[in-house]
Amino acid sequence: MCGLRIVNGRVGKDNGIGDFTCVKYNGTSTVDYVLCSSTEINEMKTFEIMDSNEYSDHKPMVFNVNVKYRAQLREQKMNLVNWYGMICV
């Protein structure tokens, strides 16, 4: 097994909902996913599927994850936010 988990429907405001990510004239579907390792899913602090907008038939997804990494033997944390496919540190 690869050990990946789908975050949609499990974290944040989308927990227990699993909102649709694509809205078209002929129906709705979930085609956009956030994946993480099974050991890191607890580091996903927020996850939300935003409302539809005029720019795309795909809804934007916003999430926040705490990432731990070792740099020169010192542990640091970064907060990453994904908005419209861009990652901001």
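The shown structure was predicted, so the numbers you read here are calculated from the model rather than taken from an experiment.
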Grab the two heavy atoms, one from M61 and one from F47, that are nearest each other, plus how far apart they are. SD-CZ, 3.8 Å

To the closest 0.5 Å, what do you measure between CZ (F63) and CE (M44)? 5.5 Å

For N53 and P60, the nearest pair of non-hydrogen atoms, with its separation, is ND2-CD, 3.5 Å

side-chain contact (heavy atoms from CB on, under 4.5 Å) assessment of V23 paired with H58: CA-CA 6 Å; V23 179; H58 294 265; over 6 Å; no

Pairing residues for D57 by the salt bridge (Lys or Arg N to Asp or Glu O under 4.0 Å) criterion, not counting sequence neighbours: K24

Strictly distance-based, threshold 3.5 Å: is any side-chain N or O of Y55 a donor or acceptor partner for the main-chain N or O of S52? no

Mind listing the closest non-hydrogen atom pair of E40 and C36 along with its distance? C-SG, 4.2 Å

Over all heavy atoms of both residues, which pair between F20 and I49 is shortest? Give the atoms and the distance, please. O-CG2, 3.7 Å

Residues passing the side chain to side chain contact (heavy atoms under 4.5 Å, CB included) test with K45, sequence neighbours excluded, are E43, N64, N66

Between CD1 of I17 and CG of N15, what distance do you get to the nearest 0.5 Å? 8.0 Å

Side-chain touch D14/N8, heavy atoms, less than 4.5 angstrom: yes

How many angstroms lie between atom OG1 of T46 and atom NZ of K13, to the nearest 0.5 angstrom? 9.0 Å

May I ask you to test the K59-D19 pair for a side-chain heavy-atom distance under 4.5 Å? yes

In terms of hydrophobic clustering (I, L, V, M, F, W, Y; side-chain heavy atoms under 4.5 Å; direct or indirect links), are L4 and V7 co-clustered? no

